[in-house]
Amino acid sequence: MDALSFRVKAIERLSKNSQLAYAQAEHIHKEVLKPGGHWTPEECAARQRVAMVVPYRNREDHLRIFVSYMHRFMQAQYLEYQIFVVEQASPDVFNRAALMNIGFLEALKLHDFDCFIFHDVDLLPLDTRQPYTCFQAPTHLGAYMSKFSYQMPYDGFFGGAVALSTENIKQMNGFSNLFYGWGGEDDDTLNRVLWRNLTVHRHAQDIGKSYMIKHEKDEGNPTNPNRGIGHEMKPDQYNRNGINSIKYIKQSTDLNVLYTRVLVSIGEN
Ligand code: UDH
Ligand code: MN
């Protein structure tokens, strides 16, 4: 069996009993993690402080698998990091990019992070040689997913997982708050990168592969009919729609052993 199939098998085994995997991960990591799933390497000074932000709702099984898996992966990177799960309490239709904006603002209230990784909860990187860190250029970490036979599904794909420096996110005014439902917000994010004359970096395909846990379409995340270019994607509005315009109410913050859970309602009262 090659290394890739071996890792995929390991994930499938872990997925069969996510409760057990989660309990074991808590047991293994609780001595070394600070509350909220925050890790600082002891043997060296961390090169970057990384906040991993996961837009989330109603995927408990995926979440247990993700946090059980991700700590070991991140610790191999010798970075300071913390995992934030930003959960949408309302409205009914999911808004992935708005949750990413909220994660950015809430994480910075806790620590001075210089790098953000925005990551789907069902996506697991397969090779620790892929750097989970920020570069000068916005970096697409989720380019080669099992879902698409480890190929880019289309040119300009920017979905699944991206790493952006705090500085780049501020330049881009974060992400759009207007994409309700599935699709388009990742394409809009790439458009913001280009709007700021930034380029995109992708790691080589042999180290850049990730496994997406198989799942059905979620209730509350219908395909957005306006996901295509020319609808919500409005560069002339990027200065007005993003981290500077997001409205939300924070319901709670829980510092769990393996992650910080932030429950939010998007929009005004
Ligand atoms: N999510 C939830 N709950 C939901 C819906 C979405 O937690 O009800 C989060 C979760 O982190 C998930 C992510 O949003 O991993 C993305 O949603 P998805 O898993 O339904 O997306 P998909 O499997 O993968 O379609 C996205 C890659 C292809 C996108 C191409 C469009 N430009
Ligand atoms: Mn998915």
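All values reported here derive from a predicted model rather than from experimental measurement.
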Quiz item: Around atom NZ of Lys34, are there more than 12 heavy atoms of other residues, nucleotides or ligands at under 6.0 Å?
Solution: yes

Quiz item: Between Phe73 and Tyr69, how do the two ring planes meet: parallel, tilted or perpendicular, split at 30° and 60°?
Solution: parallel

Self-check item: ring pair (Phe, Tyr, Trp, His ring centres under 6.0 Å) partners for Phe104, two or more places apart
Solution: Phe116

Practice problem: Kindly state each residue pair satisfying disulfide (SG to SG under 2.5 Å) with at least one member in residues 121-168, sequence neighbours excluded. | Solution: Cys115-Cys134

Quiz prompt | Value rounded to 0.5 Å, distance of CD1 in Ile249 from CD1 in Ile266 | solution = 11.0 Å

Self-check item: Check against side chain to side chain donor-acceptor pair (under 3.5 Å), Gln251 and Ser265
Solution: CA-CA 7 Å; Gln251 311 285 5; Ser265 295; 2.6 Å; yes

Quiz item: Taking the six-membered ring for Trp, are His140 and Phe157 parallel (under 30°), tilted (30 to 60°) or perpendicular (over 60°)?
Solution: perpendicular

Self-check item: Between Tyr259 and Tyr56, ring centroids under 6.0 Å
Solution: no

Quiz item: Are any of the side-chain nitrogens in Lys170 or Glu167 under 4.0 Å away from the carboxylate oxygens of its partner?
Solution: no

Quiz item: Around Lys214, counting heavy atoms of other residues, nucleotides and ligands shown, do more than 12 lie under 6.0 Å from its NZ?
Solution: no

Self-check item: Shortest non-hydrogen contact between Lys250 and Val264, atoms and distance
Solution: CA-CG1, 4.2 Å

Exercise. For Asn58 and Asp218, run side chain to side chain donor-acceptor pair (under 3.5 Å): C-alpha distance rounded to whole Å, both residues' side-chain angles, the deciding distance at 0.1 Å, then the answer.
Key: CA-CA 9 Å; Asn58 195 26; Asp218 299 280; 5.9 Å; no

Quiz item: Above 12 or not: heavy atoms from other molecules or residues under 6.0 Å from CD of Glu60?
Solution: yes

Quiz prompt | Within residues 146-178 or reaching into it, pairs that qualify as disulfide (SG to SG under 2.5 Å) - sequence neighbours excluded | solution = none

Self-check item: Donor-acceptor contact below 3.5 Å, side chain Ser245 vs main chain Gly242
Solution: yes

Self-check item: Rounded distance [0.5 Å steps], OH in Tyr22 versus CD in Gln19
Solution: 10.0 Å

Quiz item: What is the distance from atom CG of Asn256 to atom CZ of Arg261, rounded to the nearest 0.5 Å?
Solution: 7.0 Å

Self-check item: CZ on Arg59 to CD1 on Ile65, rounded to 0.5 Å
Solution: 11.0 Å

Practice problem: Please indicate whether Arg196 has more than 12 foreign heavy atoms, meaning atoms of other residues, nucleotides or ligands, lying under 6.0 Å from its CZ. | Solution: yes

Quiz item: Take atom CG in Asp92; do more than 12 heavy atoms of anything else shown fall under 6.0 Å from it?
Solution: no

Self-check item: Least distance between heavy atoms, Arg64 atom then Ser18 atom
Solution: NE-OG, 3.0 Å

Quiz item: Picking from Tyr81, Phe84, Phe66, what satisfies ring pair (Phe, Tyr, Trp, His ring centres under 6.0 Å) with His119?
Solution: Phe66

Exercise. Report the C-alpha separation of Tyr150 and Leu4 in whole Å, then their side-chain angles, then the decisive distance to 0.1 Å, and conclude whether the side-chain contact (heavy atoms from CB on, under 4.5 Å) test is met.
Key: CA-CA 11 Å; Tyr150 303 111; Leu4 186 76; 3.9 Å; yes

Quiz item: What residues form a salt bridge (charged side-chain N to carboxylate O under 4.0 Å, His left out) with Asp127, not counting sequence neighbours?
Solution: Arg129

Exercise. Please step through side-chain contact (heavy atoms from CB on, under 4.5 Å) for the pair Leu255 and His38, ending with a clear verdict.
Key: CA-CA 10 Å; Leu255 300 180; His38 185 189; over 6 Å; no

Quiz prompt | Qualifying ring pair (Phe, Tyr, Trp, His ring centres under 6.0 Å) pairs with a residue from residues 200-227, counting only residues at least two apart or across chains | solution = His62-His215, Phe135-His201, Phe135-His203, His201-His203

Quiz item: What pairs meet the disulfide (SG to SG under 2.5 Å) rule with one or both residues in residues 185-215, with sequence neighbours excluded?
Solution: none

Quiz prompt | Modelled atom types, side-chain donor and acceptor of Ser68 and Gln24, under 3.5 Å | solution = no

Self-check item: Check: Asp188/Tyr238 side-chain N/O donor and acceptor closer than 3.5 Å
Solution: yes

Quiz item: Using 4.0 Å as the upper bound for N to carboxylate O, is an ion pair formed by Arg49 and Asp112?
Solution: yes

Quiz item: Gly220 and Pro222: which non-hydrogen atoms are nearest, and at how many Å?
Solution: C-CD, 3.3 Å

Quiz prompt | Nearest-0.5 Å distance that lies between atom NZ in Lys147 and atom CG in Asp122 | solution = 8.0 Å

Quiz item: Side chains of Tyr248 and Asn95: is there a donor and an acceptor less than 3.5 Å apart?
Solution: no

Quiz item: If you measure from CD1 on Ile246 to CE on Met100, what distance do you get to the nearest 0.5 Å?
Solution: 11.5 Å

Quiz item: If we only count heavy atoms from C-beta on, is the Asn221 to Arg57 side-chain gap below 4.5 Å?
Solution: no

Exercise. Could you verify whether a donor N or O on one side chain and an acceptor N or O on the other, from Thr260 and Gln82, lie under 3.5 Å apart?
Key: yes

Quiz prompt | NZ/NE/NH1/NH2 to OD/OE distance under 4.0 Å, Arg96 and Asp186 | solution = no

Quiz item: Does atom CZ of Phe6 have more than 12 heavy-atom neighbours from other groups under 6.0 Å away?
Solution: no

